[in-house]
Amino acid sequence: MHHILGIDVGASGIKGALVNLKTGMLVGERFRVPTPNPATPEAMALAFKEITTFFNYKGVVGCGFPAIVKNGVACSAANIDPSWLGVNIEQVFSEVSGDPVYATNDADAAGYAEMAFGVGKGNKGLVLLITIGTGLGTALFYNEVLIPNTEFGHVIWKNHKPAEAYCSSGARERQKIGRKEWARRFNQYLHHMERLLSPDLFILGGGESKLFENYKHILDPVAPVVPAKLLNNAGIIGAAVYAAERMK
Ligand code: BGC
């Protein structure tokens, strides 16, 4: 099977597309539904089904989910409804859609995509991908192998708050700071990550990575910093890559 439906669950939207696993490209259009509010498992499952129905899809679905995901179960709820804690994401989504669903952390999914088809391809060193959105998600690879569920967006920062409360897009919007000030903050965060992990490459993903050209001159850790090649589609593509892996 070369085409798998990948679905990226986010705090503001749930996006899906068919992914060609040979090329890593989307097949046809993306379809997005707004994340329901409150984003309870029941409400999200209906939104998920809207996507599988839109594509008239029957088959295995890959799902990137914004939480720690262990054996299909949501083990944290930083930017999602707390009612998800301890819930089996795969079960909830597959019961409603009728399709087998494989779920992984959303940043890990974006990482799979970048390592398979994007700027991380062939990189044998330590690669840290950071998705910048409502939260800060991270995916860490060494020799192209993922160390799953890293949560470096939650390193304790100022005032005992997680780093994502200081330099995610969500924080930028909430605190109404300009992009220059945001980039200065994010640069401090990159330096901190460098002190802890000494990566060989930083890859920036998520919505903010689309504007990379505007702020790249402010970022100056030792390791190179590059925007994700697949930009906002990395989560969808990586979810499909993950599902294909689970089927092996
Ligand atoms: C969550 C992560 C997630 C990231 C990006 C964080 O708040 O803890 O699991 O990957 O947001 O969605």
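We count residues from 1, following the sequence as given.
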Chemist: Are the side chains of P199 and M193 in touch, meaning some heavy atoms are under 4.5 Å apart?
Modeler: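 P199 does not reach M193 side chain to side chain.
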Chemist: Mind checking the CD1-CG spacing from I237 to L26? Nearest 0.5 Å is all I need.
Modeler: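 Going from CD1 on I237 over to CG on L26, the span is 5.0 Å.
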Chemist: Donor-acceptor check, side chain of N88 to backbone of V73, threshold 3.5 angstrom: yes or no?
Modeler: no
Chemist: With side chains defined as the heavy atoms from C-beta onward, is the minimum distance between L128 and I203 less than 4.5 Å?
Modeler: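 Counting from C-beta outward, L128 and I203 never come under 4.5 Å.
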Chemist: Is there a path of hydrophobic side-chain contacts, each under 4.5 Å between heavy atoms of I/L/V/M/F/W/Y residues, joining I80 to V87?
Modeler: yes
Chemist: Are F54 and V61 in one and the same hydrophobic cluster, where Ile, Leu, Val, Met, Phe, Trp and Tyr link if side-chain heavy atoms are under 4.5 Å apart?
Modeler: yes
Chemist: Evaluate the criterion side chain to side chain contact (heavy atoms under 4.5 Å, CB included) for residue pair L136 and I130; output intermediate values, then yes/no.
Modeler: CA-CA 7 Å; L136 276 190; I130 306 171; 4.2 Å; yes
Chemist: Taking the ring centre of each residue, are F186 and W157 less than 6.0 Å apart?
Modeler: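 Centroid separation for F186 and W157: 6.0 Å or greater.
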Chemist: Taking all non-hydrogen atoms of both residues into account, name the closest pair between A47 and I14 and its distance.
Modeler: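 Here A47 and I14 meet closest at CB-CD1, 3.7 Å.
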Chemist: Show me the side-chain donor-acceptor pairs of residues 215-231 shorter than 3.5 Å, one per line, residues at least two apart or across chains.
Modeler:
residue: Y215; atom: OH; partner: E208; partner atom: O; Å: 2.9
residue: K216; atom: NZ; partner: E213; partner atom: OE1; Å: 2.9
residue: D220; atom: OD1; partner: N187; partner atom: ND2; Å: 2.9
residue: D220; atom: OD1; partner: H191; partner atom: NE2; Å: 2.7
residue: K229; atom: NZ; partner: F117; partner atom: O; Å: 3.4

Chemist: Just so I know, are the side chains of Y102 and C63 near enough to count as touching, which here means a heavy-atom distance under 4.5 Å?
Modeler: no
Chemist: With a cut-off of 6.0 Å (strictly less than), are more than 12 heavy atoms of other residues, nucleotides or ligands near CG of N71?
Modeler: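 No.
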Chemist: Taking all non-hydrogen atoms of both residues into account, name the closest pair between G13 and K15 and its distance.
Modeler: O-CE, 3.8 Å
Chemist: Once rounded to the nearest 0.5 Å, what's the spacing between atom CG of L146 and atom CG of L129?
Modeler: 10.0 Å
Chemist: Side chains of T150 and T138: do they bring a donor and an acceptor to under 3.5 Å?
Modeler: yes
Chemist: Output the distance between atom OG (S94) and atom CD1 (I89), rounded to the nearest 0.5 Å.
Modeler: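 Here the interatomic distance stands at 11.5 Å.
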Chemist: Do V60 and R246 have side chains that get closer than 4.5 Å, going by heavy atoms?
Modeler: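 Side-chain contact under 4.5 Å: no.
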Chemist: How close do K124 and Y142 get, heavy atom to heavy atom, and via which atoms?
Modeler: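 Nearest pair, atom of K124 first, then Y142: O-CE1, 4.3 Å.
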Chemist: Could you state the interatomic distance from NE2 (H2) to CG (L18), rounded to the nearest 0.5 Å?
Modeler: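 So the NE2 of H2 and the CG of L18 are separated by 14.0 Å.
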Chemist: Between the side chain of D108 and the main-chain N/O of N149, is any donor-acceptor distance below 3.5 Å?
Modeler: yes
Chemist: Between atom CG of L204 and atom NZ of K210, what is the distance when rounded to the nearest 0.5 Å?
Modeler: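 These two atoms lie 14.5 Å from each other.
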Chemist: Supply the atom-to-atom distance D8 CG to F65 CZ, rounded to the nearest 0.5 angstrom.
Modeler: 11.0 Å
Chemist: With side chain to side chain contact (heavy atoms under 4.5 Å, CB included) as the test, would you mind laying out the steps for V27 and V19 before giving the verdict?
Modeler: CA-CA 6 Å; V27 184; V19 179; 6.0 Å; no
Chemist: Are L211 and I132 connected in a single hydrophobic cluster, I mean Ile/Leu/Val/Met/Phe/Trp/Tyr linked by side-chain heavy atoms less than 4.5 Å apart?
Modeler: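 The answer is yes; both residues are in one hydrophobic cluster.
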Chemist: Under 3.5 Å, is there a donor-acceptor pair linking the side chains of Q175 and Y166?
Modeler: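 No, because no side-chain N or O of Q175 sits under 3.5 Å from a partner of the opposite role on Y166.
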Chemist: Would I68 and N105 satisfy side chain to side chain contact (heavy atoms under 4.5 Å, CB included), going step by step from the backbone distance to the final call?
Modeler: CA-CA 6 Å; I68 297 170; N105 169 266; 5.8 Å; no
Chemist: Side chains of N79 and P66: does their closest heavy-atom pair fall under 4.5 Å?
Modeler: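 Not touching, per the 4.5 Å side-chain cut-off.
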Chemist: Check for a donor-acceptor pair, side chain of N159 on one end and backbone N or O of K161 on the other, with a separation under 3.5 Å.
Modeler: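 Looks like no, no N/O pair under 3.5 Å.
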Chemist: If we only count heavy atoms from C-beta on, is the W182 to R179 side-chain gap below 4.5 Å?
Modeler: yes
Chemist: With a 4.5 Å cut-off on side-chain heavy-atom distances among I, L, V, M, F, W and Y, is there a chain of contacts connecting F141 to L190?
Modeler: no
Chemist: Among the clusters formed by ILVMFWY side chains lying less than 4.5 Å apart, do F48 and F31 turn up in the same one?
Modeler: yes
Chemist: How far apart are the C-alpha atoms of M115 and K121, what are their side-chain angles, what is the distance that settles it, and do they pass the side chain to side chain contact (heavy atoms under 4.5 Å, CB included) test?
Modeler: CA-CA 4 Å; M115 295 306 287; K121 196 170 173 188; over 6 Å; no
Chemist: Flag yes if more than 12 heavy atoms outside K58 fall under 6.0 Å of its NZ atom; otherwise flag no.
Modeler: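 Counting neighbours around NZ of K58, more than 12 heavy atoms of other residues, nucleotides or ligands fall under 6.0 Å, so yes.
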Chemist: Give the minimum heavy-atom separation between T134 and S168, together with the two atoms involved.
Modeler: O-OG, 3.4 Å
Chemist: Without swapping roles, check the side chain of N123 against the backbone of G125 for a donor-acceptor pair under 3.5 Å.
Modeler: yes
Chemist: Which heavy atom of I4 sits nearest a heavy atom of G62, and at what distance?
Modeler: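 Answer, listing the atom of I4 first, then G62: CG2-N, 4.3 Å.
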Chemist: In the structure I gave you, are the side-chain heavy atoms of H3 and F55 within less than 4.5 Å of one another anywhere?
Modeler: no
Chemist: For the residue pair G235 and A109, what are the closest heavy atoms and their distance?
Modeler: O-CB, 3.9 Å
Chemist: Charged N to carboxylate O under 4.0 angstrom, E50 versus R32?
Modeler: no
Chemist: Using a 4.5 Å cut-off on heavy atoms from C-beta on, say whether the side chain of T52 contacts that of F93.
Modeler: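 No. Closest side-chain heavy atoms not under 4.5 Å.
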Chemist: Are the side chain of S209 and the backbone N or O of G206 linked by a donor-acceptor pair below 3.5 Å?
Modeler: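 Yes; at least one donor-acceptor contact below 3.5 Å.
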Chemist: Would a distance-only check, ignoring hydrogens and angles, find a side-chain to backbone donor-acceptor pair under 3.5 Å from S76 to A78?
Modeler: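 A pair under 3.5 Å: no.
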Chemist: Would you please say whether a donor-acceptor pair under 3.5 Å links the side chains of R185 and Y189?
Modeler: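 No.
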